[in-house]
Amino acid sequence: APYSGTGSGTGAVSGTVIGSGSSALLPLAQNAAKAFKAKNPNVSVTLNAGGSGTGLKQVADGSVDIGNSDVAAAAKLSSDRASVLVDHKVCVVSMATIVNKDVGDKVKNLTKEQLIDIFTAKTKNWKEVGGPDEPIVLMTRPKTSGTRALFAKYALGGKEEASNAALETDNSGILLKSIEENKGAVGYVALSYLVGNNKDRVSTISIDGTAPTLENTYNGKYPVWGYEHMYTKGEAKGAVKAYLNYIVSSEYSGKMEELGYGVTSKIQSSVTNSRNAEENKSSK
Amino acid sequence: MKNKEQAQAASRRSRTADRFMTGVFYAVAGFFLLLLLAFVAYILINGFRDATPQMLSFTEDGVGNQLFNTLYLVFLALLISVPIGILAGIYLAEYAKDGPLTHFVRICVEALSSLPSIVIGLFGYLVFILMTHSQWNLFAGALAVSLLCLPLITTTTADAFRALPQEYKEGSLALGATHWQSITKMLLPACVPRIMTGVILAAGRGFGEAAALLYTAGMSTDINWSNWNLASPTCALNPFRPGETLALQVWASRTESIASNATQIANFSSAILILLVLLFSLLARLLNRHLDRKATGTES
Amino acid sequence: MTWSSSIRTAAAPQTTQQEKTAAQLADGEEDKTVYGELSGIDHVKVGIENLNLYYESAQDSLHALKNLTMRIASNRITAFIGPSGCGKSTCLKTLNRMNDLVPGCRITGSITIDGQDIYAPDMDVTLLRKRAGMVFQKANPFPMSIYDNIAYGPRIHGTKNKAKLDEIVETSLKAAALWDEVKDRLKKSALGMSGGQQQRLCIARALAVQPEILLMDEPTSALDPISTLKIEDLMDDLRKKYTVVIVTHNMQQAARIADNTAFFLMGHLVEYTNTTAMFNNPTDARTERYITGRFG
Amino acid sequence: MTWSSSIRTAAAPQTTQQEKTAAQLADGEEDKTVYGELSGIDHVKVGIENLNLYYESAQDSLHALKNLTMRIASNRITAFIGPSGCGKSTCLKTLNRMNDLVPGCRITGSITIDGQDIYAPDMDVTLLRKRAGMVFQKANPFPMSIYDNIAYGPRIHGTKNKAKLDEIVETSLKAAALWDEVKDRLKKSALGMSGGQQQRLCIARALAVQPEILLMDEPTSALDPISTLKIEDLMDDLRKKYTVVIVTHNMQQAARIADNTAFFLMGHLVEYTNTTAMFNNPTDARTERYITGRFG
Amino acid sequence: MPRKHFDQELEQLTQRITEMGDAIHERIVSTIRVLRTGDTELARQIAGSDGSIDHMENENEKLCLNLIVSQQPIASDLRTIAGSLKILTDMEREADQCADICEMVAAEGLSDSQSLPLSHIVATLEKVDNMFSGAMDVFLSQDVERAREICQADDEVDALFGKIVLEVCTSIAQNSSHVMRDADLLFIIKYVERMGDHATNIAEWVIYMVTGEHKDLNKGGKIIP
Amino acid sequence: MPRKHFDQELEQLTQRITEMGDAIHERIVSTIRVLRTGDTELARQIAGSDGSIDHMENENEKLCLNLIVSQQPIASDLRTIAGSLKILTDMEREADQCADICEMVAAEGLSDSQSLPLSHIVATLEKVDNMFSGAMDVFLSQDVERAREICQADDEVDALFGKIVLEVCTSIAQNSSHVMRDADLLFIIKYVERMGDHATNIAEWVIYMVTGEHKDLNKGGKIIP
Amino acid sequence: MKGKHKVRKDNAGRIVVTAFGIFMIAITFAIGIFLAYKGLGTFTKYGHSVGEFLFSSHWDPADDFTGGGSVGAAVFIVGSLLTCGLALLIALPGSIASAVFMTEISPRFGERVFQPAAEIFVGIPSVVYGWVGMSVLVPFIRRVFHLQMGYGVLTAAIVLAIMIYPSITTVSADAIRGVSRSCREASYGLGATRWQTIYKTVLPSAKSGIFTGIILGLARAFGEALAVAMVIGQRKAFPVNIFSPTTNLTAAIAADMGGAAEGGEYNTALWTMALLLLLISLLFIFLVHLILGKAEKGK
Ligand SMILES: Nc1ncnc2c1ncn2[C@@H]1O[C@H](COP(=O)(O)OP(=O)(O)OP(=O)(O)O)[C@@H](O)[C@H]1O
Ligand SMILES: Nc1ncnc2c1ncn2[C@@H]1O[C@H](COP(=O)(O)OP(=O)(O)OP(=O)(O)O)[C@@H](O)[C@H]1O
Ligand SMILES: [Mg+2]
Ligand SMILES: [Mg+2]
Ligand SMILES: O=P([O-])([O-])[O-]
C-alpha cells in the first residue's frame, strides 16, 4: 500500500488507508473513516465492499491494507495465507430475526426449534406458530454471506437453511426492503441495519424470549452475534494503525453503538472466552 | 361484374384490417412512449422531490464527487477506447481481407460487445487490479468500461467506413493517393459524424455501467479539491485513485448503506444520471445534424 | 438468326457471319481484331501489347481480357464500346492500374505509356495515377468543400502553398467549365451541387493533378441529357491538352466525341478504327450488329 | 440567346421567343398550353382538368403542377417529357394517387378515369391502383420468388385459388415477354435476375392485377440499350390492351414508342400533341429548344 | 429479339418504297403504251395523276425522317434510310418524266406513231423500264452485283439516245414541217435518257446501302454518244 | 451552353454548302459566258471539272450522315440536315446541267452566237442564276417569304422556255440545215428550264427546313407555255 | 523521393492498424482464456462433470478449497432461459409494432420523438431499472395477481423486456428503414393497403435485420445482472409458474462472487457460470452470422 505517514496517535498522521470486504462492516468502516478523517485530514481512506471472501483474499494478496470480514480468515483462506494476517476484532454484530409488520404484530417470540423449522421450511404457515394465516416467506442471504453463516450457526444450530424455498437477497439493504414489503416475510439482518428510521420498517423477533439487542449480546443472553474482523497483513502501521486504533477507541464507541454495532470491549469476558474457544475449535 | 364485386369486397376487408392495425400500432407505440415518459418522470420526480442543494455538493454528503468521477471515468475510457476502436475499425473496414482472420476479428468484436458486463468486470478485476497488484482505481474502471465501449466504437467505425460509397476511395486512389492517405485525408474525416454518434452512445453506456465497475473502480471516493498534486490519492485528477461513480453509488446506497438518507441520495443520483443520458443524447443529435449539414451542404 | 427482316437477310457480304451467334463468334476461331485507319496514330500515347487479364478466385478464373493489342493516339479521344461485361471498364482500369485493387486480378502482356512499361516492378503507382487521371460513372465528389475537392490531389502530391493551391483550383475549375458557376461558393460542400456539376467537379479534380491521360468510365451515364451535352462539349476542349479514353454505352456519344473507337466483345477487341468508319461502315459483322442494337 | 449559330438566329418565326430565357417564358404571361392534333383522342381514358398540385411543408410551398388540362387517349402510349424537376413524375403519380403517400401534397382540379372522378371522397384508392398499375424507374422486385412477385397483387386483391394464381402468373409473364426466360425457375428469388428481366418482371407484376392503365416512370433509364429495346418492343404490344403513360428522359424513346407526347416545363404543360408533330415540328419554341437539346 | 419494332418499320419502309416502285413501273408501262398508241386520253390521265406519286414520295420521306428521329439509326440502318431518302427523289423523277412525256403527247399528239425514231424511243423506254424494275429488285434484294450491271446498262441507253437524236434530227432535216412535234420527240428521248440515269442512281444508292460506298458508276448526261 | 459543338458542326455544314453554292454559281456564270462567246475552250474546261462539285456533294452528304449518326438530330435540327441532304442533290444537278450544256458547246460549237434564241437562252439562264443565288441566300437566311418568291419566279422561266422552244422550232422550220445544232439549243434550253426547277426545289427545301412543310410550290415540267 | 516517403507511411499505417485489429482478437482471447482458466476448475480441479453442471439442479458447492459439494447449475440456466424467453415474448410484439410505427406510420414522429426516446431507454443504468422494478413493478404485480410477493419470473421478464425493448426496436427500425422505398412503392402501386404492405412486403424483407435485433436483445438480456437480481427473487429452485421466484446465472454471480473464497469450489463454480455466459454470447453471435449469411445468400 502507498504509505507515506509516520508516527501514531491522532493528529499527525497522513497516508492512505484502503480497505475492502464485508458489506456488513462497510457502513461502520465508512462512518469511522469520516470521523477519523475529520481529525486527520491528510489521510485518504477508501473503502469498498466486495464480500468477506474478497476482502480476505485482497489483504492476503497485499492489494489492500485492511480486509474486512464477517468470519475468521481461516474460513476463507488456506491456513498458510491466513496465518500471516493479523486479526482486529473491531466490533461485534448481532443478527436479528425480522418479520414483516403484519406478522410482528402477533408473533413477538419464537423458540429456537420454531425458528429452525421455519428456516428449514418445515413450518410453512405463520398460524402454526401463533401468527396470522399466512404462508411463511423465507428471505435469506447468499450462502457466501458472513451474516448467513453466523445466523445459521448460532440461531439455527448449524442447520442448513432451505435455500430452495427461500428468496435470496444479495444485500441486507434489499433484504430489509423485501421483508418490509412482503406479507409473511421473515429474514435476518445485522442490528446495524435497524437503527434510525429502519427500526420501524420491520419487527424483530425474540429467540427463546431474548430480544436481539446490544445489551443482550454484551451479557451473553443473545447468542446470534459474531465479531467483525479487520485483517491486516502483518502488524498495522502508520495511518492504517491509527485508523484501526481510532475505531476501537472509546472516543468512537458511542458512535459505534449508535450505528448498531457492538463494542468488542463491552462484551463480558466469559462470553468472549467461550466464543473464542468455539471459533478455534471450528476453524481447526 | 361478379369479379368486380369480389374485388370490392376484398378491398373493403383489407381496408378494415388496415384501419384496425393502424389503431394497434398507435396504441402500442403510445403505450411504450407513455411508459418511458412515466419512467423518466418517476425517476426525476423521485429524485428531485426530496433533493437538497447539499446533495450536489462535493462532499461526503453530496454526489458532486461521484458526478465528477463518472465524467472523468468516461472521459478516460473514451481516451483509451476511441483511438483503439477507430484504428481497429479501420483495420476491419479497410485492410482486413475477406478471410478467416477477418472473420475471426469480426466475431471477436461481436463477442466482446455481447459479453455480460459483469464478466468484463471480473476480467478487469483480475487483470487490472490483481495482476497489476494495485487497488481499486478509476483507471482500472476506465479500462473495464473501455472494453465495453471498444466493440461499439470499432463496429461504428467499421460500419461508417463501409457505408461510405466505394467511389470515394476509388476517387482518391485514382488521384494517386496512397491507401493510407486516402484513409486519413478523406475517408476518416467523412466518417466523423457517424463515429461521433458511436462515441456518444458509448459514453452513455459508460455512465450507466455499474456491474463492470463493482470490482474495478471501487466503491468509495475521497477527493480533496484543494489538492492538485497528481500523485496524491486525494487529487481529483489522479486516475489511480478509487472513484465511485454515480451508478455505483446508486447500487451501493440501495444495497448496503445504512445512512438515513441513502434512498434519497440514490434517487437523486438516478435522476442526475438520467439527465446526463438525456443531455448526451441531445448533444449527439445536435452535433450530428450540424456535421451532416456541413457535409451535405444543405446549410445555406 | 433472330433479328433480320427480309432485306437484311439478303445483305450479301455478311450473310455467313450473321448466321452464327455472338457467342460462337467470340469464342470461335474468329478472334482476330479488325484494325482500321486510326486518327492521330502517328503519336502513340499508350501501347497495349498482348494483354491478357484474369480475375481469379478460389472457385474459378475469368479470362476478362483476351490477347488485347492496341495503340491509343495522343491528344485524341478514344472510345471503348461493347455490351455489358465485355471488359471495357477492366481494360480502362489497367491503364492506371486501378485493377491492382482487385484481389485475384492477374495480368500478362505489357502496357506502356510514352514507351515506359507501367507494370514494371519499379513503377511508382501513385505517380502513374497522377499521370493517368480517372473519372467514374457515378460522380464521386468527396464530402468536403468544392475547394478542398480540387485541392485534394495537389495536396496529396505535396503542394502546400496556399496561393499555388488557389491558382490550381481556379485553373482546374475553368478547364472543366465550372468556374463561373461555383466561384462564389468554393467553400460550400460539393455534395450540394447538381449531378452534372458534380461530374464536372470530378473532371476538374482529375485535371488538378495535371494528368496527361484522362480515363473516363461512362462519365455521363447517370446524367440527364443537358448535363451530358455540357460534359461532351467539355471533352471536346480537353482533347486539345489530354489524351482521353472513354468507356460509353451510348453509341451516339462515341460517335459525337470520339476520334477512334474500339469495340469489345467478351474480352476480345473485335474492331478498332476511326469513329466515322466504325459508325458508318464497320467491318466486322458483330460490330455492326452491336451498334445497330441487334445483339442478344 | 445562348445557343444559336447564324443560321438559327435568322429563323424568322421564333426569333422573339428565343430571346427570352426559359424561366421568363415559364413564369411569364405565356403559360397557355399548345394543343396539337392527338392520336386516338376520340376515346378518352383519362381526363385532367385544371389540375394544380402543391407540395407544402412547414417552411414553404411548391406549386409543382400549374393548371394542367389534358386528355389521355385510350389504348395509346402517351409520353411525358421535360427537363428534370418539371413535374412529370408528379403528374404521373396523380393518376393513381400515389401522391397520397407524400405528406403535404395538396391538389385542386379534377382527374377522371372513364369519367369517374378519382379524387372523389368515396373513391377506393386500392381499387384505383389496381386499375392504374405503376412501373418505376428502378426495377423494384420484391425480395421473394418470381412466382410470389407476380402473385402478390392478385393475392392482395383476394385471389387465393392456387390454380387461378398459376394461370395469372403464366399469363402475366407471357404478356411481359418473360415466360420463356423464367418458366423453369419461378420459385427462385427475383433478385437473381438481370436488370432488364427485373424490369419486365415488374411490368408482369403490374399486369397481373389486370389494370386498364399502365403508368411507367422512366422504366428503362437504368437499363442497358439492349434491355431497353426489349422493353420498348414489349410496350408496343401492350398498347393493344392498355392505356400506357410513360415518363421518359430519352427523346428518341418517346419518338419511338409514344403516340402522343406532352412536354412539361416548370409545372406547366407547354405542348401536347401527337408524337410525330412533337418531334418533327413542335409549335412552341421552348419545346423545340428542349427536344433539340439546347436548354440551360 | 431487340429492335423487332424497328425491323418491322424498316420492312414497312421497304415495302412502301417497293409499292411506290410498282406504281411507277405501271406508269412507265402506260407511258410506253401511250407512245405506242398515241392514246391522248391515257396520256392525259397519266399526266394528271402525277400527284399520287408525289404524295407517296412525301409520305415515305416523312417515314424516313421519323425513323431517324425515333431509332437513331447507325451504320447499315442509317445507310438504308439515307439511301431510301435519296432513292425516293430519283423514283419521283421517273414518275415526273413519265408525266412530262404524257403531257406533251396529250397536248400535241404524236406526229407519226409508226415513225422509226418513235419506235426506237419506245424500245429505249422499255430498256429503261427494265433498268428501273431491276433497280427496284436490287433495292429489295440488296444484290450489289446486279446493281452494278444495271449501272452498266445505262451506257446502252445513252447510246440509243444519241442514235435517236440523230434519227430525229435527220428526220427534221428531211421534213421540217412538224418541227414542234419533232422537238417534242427530242424532249421525250431526253426524258427517257434521264429516266435511265435515275434508274442508275437508284442502283448506285443500293450499292451504297450495302457497302457504304457511293460512287458515280455511270455519270448521267453523257449525251454525246 | 450545351450543344455548342453540334451548333458549330451545323454552322460548318451550312458554310460548306454555301461554298459549294458559290462554286456552282461561278459555273453558271461561266456557262453564261460560254453561251455568249461560244468559247469552246472554257466550255471544255467547265465540262471537265464537274467532278469537283460531285466530290463536294459527296463530302457534304457524308457530313450530314455523320451528324445524323452522332447528334441524333430532332425537329429543326433534323430538318436542317435532311433538307441539306436534299438540297445537295439539286445543287449537284445544277452543276451537272452546266456541264452538260458546256459539253454540247464544246463538242459542236454554237450555231450562231448572235441568234435570237441563244440570246434569249442566255437571258433565261441569267434569270435562273438569280433564282439559284437567291435560293442559296435563302438557305442562309432561312427567309421563307423570299423563298416563296423564288418559287414563283420559276413561272417566268417556264414561260421563257416555251417561248424559246417556239423560236428554235421556228428557226429550224425556216432553216433546217443546222438541225443538230438547233437540237442542241433545244436541249440547252431544256437544261436551263430544269435548272430553274432545281433552284425552286432548293427554295422549297428551305421552306421545309423552317416550317416543316414540304409542298411542291411550282411543279416542274410545265413545259407547255 | 516523395513517393518513397509516401509508401513508407502507407506501410506503417497498415501495420499499426492491423496490430490494433489483432489486438481485438487478443482481448477477446484474453477474456476467454481467463474465464476458461478460472471456470474449468470445476471440472478439472473439483472433478465435476459437465453434465452435472448443466443438468443437475443440486446446487451446493462448498465454500472451501477441498470441494465435495455439488455444482448443478440447471436452476440458474433454466432461470436465465425462462426469463429471457419470456422477456422476448413480451418485448417482441411491442418492439416490432413500435418499429413499424416509427418507420411506416409516423416516420417524422418516429425520427423526432421515438428514436431519441428509445436511445434514452438504452442509456438508463440497469441499476435504476432494477430499483424501479423493485419499487414499482413488484408491488404492482403483487397487487394485480393477488400474490404474496411480487418477485418472480414474470417480474424479471418484464424488467428485462423493458430493457431489451429499445435495442430490438432500434435495430428493427433500422432494418425496416433499410427496406428500399421502391419495394413499398411497388406494393402500394399494386393497390395494397398500408397494413398489407407492411406485413407482406416490409416485414418479410426486414426479417433478417429483425432477427439480428432479437438476438442482440437476447444477448443483452442474458448478460444483465443487477436489475434482474433485484426482482427475480433468487430462490434456488425451479419455478412452478411464471409468478414463482427463481434465480439465474448473472444474479448468482453478482450475489456470491464477492463473498466466496477465492479459488474455492463455490467461487470456481461461479466462474464456470461466467464461462457459460461467454459461450452463450458466442452462440448468439454464431446465430446472427448464420441468419445474415443466409439472408445474403438469398440475394
Ligand atoms: N472484381 C472482379 N472480380 C471478378 N470478376 C470481375 C471483376 N470485375 C469485373 N469482372 C468480370 O469481368 C468481366 C468484364 O467486366 P467489366 O466491368 O470490365 O465489363 P464492362 O464492359 O465494363 O461492363 P459494363 O458495361 O457493365 O460496365 C465481367 O464478366 C465481369 O463480371
Ligand atoms: N415529395 C416531394 N416533396 C416536395 N417537393 C417535391 C416532392 N417530389 C417532388 N417535388 C418537387 O416537385 C417538382 C417536380 O418533381 P417531379 O419529381 O415531378 O419532377 P420530374 O419531372 O419527374 O423530374 P425528374 O426527371 O428528375 O424525375 C420538383 O421541383 C421537385 O423538387
Ligand atoms: Mg463498366
Ligand atoms: Mg418545272
Ligand atoms: O430530273 P433531272 O433534272 O435530274 O434530270
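Chain A is the first sequence line, chain B the second, and so forth, proteins listed ahead of strands; every chain is numbered from 1.
- Here the CD1 atom belonging to Ile74(E) is positioned 9.5 Å from the OG atom belonging to Ser70(F), to the nearest 0.5 angstrom.
- Here Asn58(F) contributes atom CG and His214(E) contributes atom NE2; the two are 6.5 Å apart, rounded to the nearest 0.5 Å.
- Cys64(E) SG to Leu85(F) CG: the interatomic distance, rounded to the nearest 0.5 Å, is 10.5 Å.
- Heavy-atom distances place the side chain of Glu57(E), and not its backbone, under 4.5 Å from chain F.
- Here the straight-line distance linking atom OG1 of Thr170(E) with atom CE of Met180(F) works out to 7.5 Å at 0.5 Å rounding.
- Aromatic ring pairs are classed by plane angle as parallel below 30°, tilted from 30° to 60° and perpendicular above 60°; the pair Phe161(F) and Phe187(E) is tilted.
- Remark: His120(E) engages no residue in a ring pair (Phe, Tyr, Trp, His ring centres under 6.0 Å) (not counting sequence neighbours).
- Within the 4.5 Å cutoff, the side chain of Tyr191(F) has heavy atoms near those of the Lys190(E) side chain.
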* Working for side-chain contact (heavy atoms from CB on, under 4.5 Å), residues Lys86(E) and Lys86(F) -> CA-CA 8 Å; Lys86(E) 288 292 198 177; Lys86(F) 289 292 200 175; 5.8 Å; no
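- Here the CG atom belonging to Asp90(E) is positioned 8.0 Å from the OG1 atom belonging to Thr89(F), to the nearest 0.5 angstrom.
- Contacts between Leu65(E) and chain F at a heavy-atom distance below 4.5 Å involve backbone atoms as well as side-chain atoms.
- With a 4.5 angstrom heavy-atom cutoff, Gln174(F) does not touch chain E via any of its atoms.
- Residue Ile81(F): no heavy atom, backbone or side chain, is found under 4.5 Å from chain E.
- For Leu186(F), the parts lying under 4.5 angstrom from a heavy atom of chain E are both the backbone and the side chain.
- The environment of CZ in Arg44(F) is crowded: more than 12 heavy-atom neighbours from other residues, nucleotides or ligands sit within 6.0 Å.
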